[in-house]
Amino acid sequence: MAALLGLSGAGCGESRLASDELVTASRATSVSPARALALLPPGSIPVIGVTQRNYDNAVSQVISLATRGRTPGENAIDIAFFTAADLPDSAAVAGNLLKLPGIEDHDVAREMEDRLPGVVMMPSAVFVQNKYGPFGYAFGRGIGGEACLYAWQRIADGDSIFRPKSGAVSVRIRVCDPTATEATLLRLAYDYSLNASLRRPGWNPIGEAPPPAPELGKAGAPIYPLPQASSPDASAPQRIVRSRPSRAPRGEAEPAPDLPAIPDRPLEGYPTVPPPPRP
């Protein structure tokens, strides 16, 4: 009997799992939104979660944004920081390596089909550029006519865009909003900011800061201030005073013309007409 109790106790002890025994099938981990690799401008769509994956040559994140509307898919920023190491073209995603996403038309079209299913996206032919360099974007209408934008950018300060010596940053922004316009969604691509960097020798995809304008501090090159938001003219709402339409002045009554007085005696030089006979 004691032996049976001992065996049952041993079995209970073996059923307890240690914290390091669980092996997950994904390399993705959830991190704080404060550690997001990119930040949106203040007052824009809030971040609801960040999923991070670490590779031997890169760190990637899916920054999930608040999503509303009926268009399938999730509002998100897909961003990846790549090291400056040279990688063979055949590496792709084999093992623990991440391939640098392409920026060719067919590559971007495939991405939009996956992240914006059923939405006709029209790539813009206008050259646009933010503080990190040129980027591309497409605009379309989702379910119910809601505005959808897909923007892509590769930041690399190297001679080769396929194997940049200074590293690279890949950014994709997918947003649909029923109350937004193309201009408000495009502001996200213009005003987002990188929030991190890699501690690797030679990693500098953004490049050095540009020098100040050559006319700064020189004589003969006046610089005028822009209207400030605190100025009364800019902050105070301008009251539009609409003048009432002026009424046409009433015309004064013209005096009646003087009628000739009835004479009480026959006029000289005219024949006298006899009165009609009495009945």
Side-chain angles (χ1 to χ4, degrees), residues 26-69 73-84 93 98-103 107-108 111-112 114-116 121 123-124 128-139 147-158 161 164 166-177 180 182-200 202-210:
S26 176
R27 292 188 293 262
T29 58
S30 179
V31 299
S32 170
R35 300 182 59 185
L37 299 181
L39 297 177
L40 293 179
S44 57
I45 306 176
V47 176
I48 61 175
V50 179
T51 303
Q52 179 173 305
R53 291 177 174 86
N54 296 331
Y55 300 87
D56 291 341
N57 66 318
V59 176
S60 70
Q61 285 185 351
V62 177
I63 305 173
S64 300
L65 308 174
T67 304
R68 56 181 178 177
E74 177 192 30
N75 290 344
I77 302 176
D78 289 75
I79 183 171
F81 284 11
F82 289 83
T83 64
V93 292
L98 180 63
K99 185 179 180 180
L100 184 65
I103 54 175
D107 295 325
V108 175
E111 294 176 4
M112 288 191 292
D114 181 55
R115 301 176 188 181
L116 291 158
M121 301 296 293
S124 174
V128 287
Q129 179 172 318
N130 57 20
K131 55 189 172 185
Y132 299 117
F135 67 93
Y137 80 95
F139 181 78
C148 293
L149 180 134
Y150 190 78
W152 58 93
Q153 186 171 22
R154 174 184 291 177
I155 306 171
D157 189 32
I161 62 175
S166 58
V169 177
S170 174
V171 181
R172 301 290 193 269
I173 301 176
R174 184 270 191 205
V175 177
C176 287
D177 195 306
E182 180 178 355
T184 56
L185 294 183
L186 191 58
R187 176 175 173 263
L188 303 177
Y190 272 109
D191 296 341
Y192 82 89
S193 301
L194 299 181
N195 191 41
S197 62
L198 295 180
R199 291 183 179 179
R200 288 295 185 94
W203 194 85
N204 188 18
I206 302 175
E208 301 298 332

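What's counted below: heavy atoms across the whole structure, side chains too, no hydrogens, waters or symmetry copies.
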**Request:** Of all the heavy-atom pairs spanning S170 and F82, show the shortest one and how long it is.
**Result:** CB-CE1, 4.2 Å
**Heavy-atom pair with the smallest gap, counting every atom of D56 and R200** = O-NH2, 4.4 Å
**Item:** Least distance between heavy atoms, A38 atom then I63 atom
**Value:** O-CD1, 3.6 Å
**Request:** Any chance you could lay out the side-chain contact (heavy atoms from CB on, under 4.5 Å) test for Y55 and T83, step after step, and finish with the verdict?
**Result:** CA-CA 10 Å; Y55 300 87; T83 64; over 6 Å; no
**Item:** Minimum heavy-atom distance between K131 and D191, given as atom pair plus value
**Value:** NZ-O, 4.3 Å
**Request:** Measure the spacing between CZ of R187 and CG of L149 and express it to the nearest 0.5 Å.
**Result:** 13.5 Å
**Prompt:** Rounded to the nearest 0.5 Å, how far apart are CD of Q61 and OG1 of T29?
**Reply:** 8.5 Å
**Item:** Derivation of the side-chain contact (heavy atoms from CB on, under 4.5 Å) call for C176 and N75
**Value:** CA-CA 7 Å; C176 287; N75 290 344; 4.1 Å; yes
**Item:** Over all atoms of both residues, closest heavy-atom pair of A80 and L98
**Value:** CB-CD2, 4.1 Å
**Prompt:** Using the ring of each side chain (for Trp, its six-membered ring), is F135 parallel, tilted or perpendicular to Y190, with breaks at 30° and 60°?
**Reply:** perpendicular
**Request:** Give, for atom OG of S193 and atom CG of L40, the distance between the pair rounded to the nearest 0.5 Å.
**Result:** 9.0 Å
**Prompt:** Among V175, D177, L188, I173, which one satisfies side-chain contact (heavy atoms from CB on, under 4.5 Å) with L65?
**Reply:** V175
**Prompt:** Sub-3.5 Å donor-acceptor pair from the side chain of Q153 to the main-chain atoms of G133, do we have one?
**Reply:** yes
**Message:** What's the separation between atom OH in Y150 and atom CD in E111, rounded to the nearest 0.5 Å?
**Reply:** 3.5 Å
**Message:** Which heavy atom of A189 sits nearest to which heavy atom of A151, and what is that distance?
**Reply:** CB-CB, 4.0 Å
**Prompt:** Once you round to the nearest 0.5 Å, how far does CZ of R174 lie from CG of L185?
**Reply:** 10.5 Å
**Message:** side-chain contact (heavy atoms from CB on, under 4.5 Å) for V59 and N54? Distances and angles first, verdict last.
**Reply:** CA-CA 5 Å; V59 176; N54 296 331; 3.6 Å; yes
**Item:** Side-chain heavy-atom pair L37, V169 within 4.5 angstrom cut-off
**Value:** no
**Message:** Looking at A76, is its backbone amide N or carbonyl O close enough to the side chain of R172 to form a donor-acceptor pair, meaning the two atoms are under 3.5 Å apart?
**Reply:** no
**Asked** Just by modelled atom types, is the A36 backbone N or O under 3.5 Å from a matching donor or acceptor in the N195 side chain?
**Response** yes
**Request:** Drop me the distance from I79's CD1 to Y192's OH, to the nearest 0.5 angstrom.
**Result:** 6.5 Å
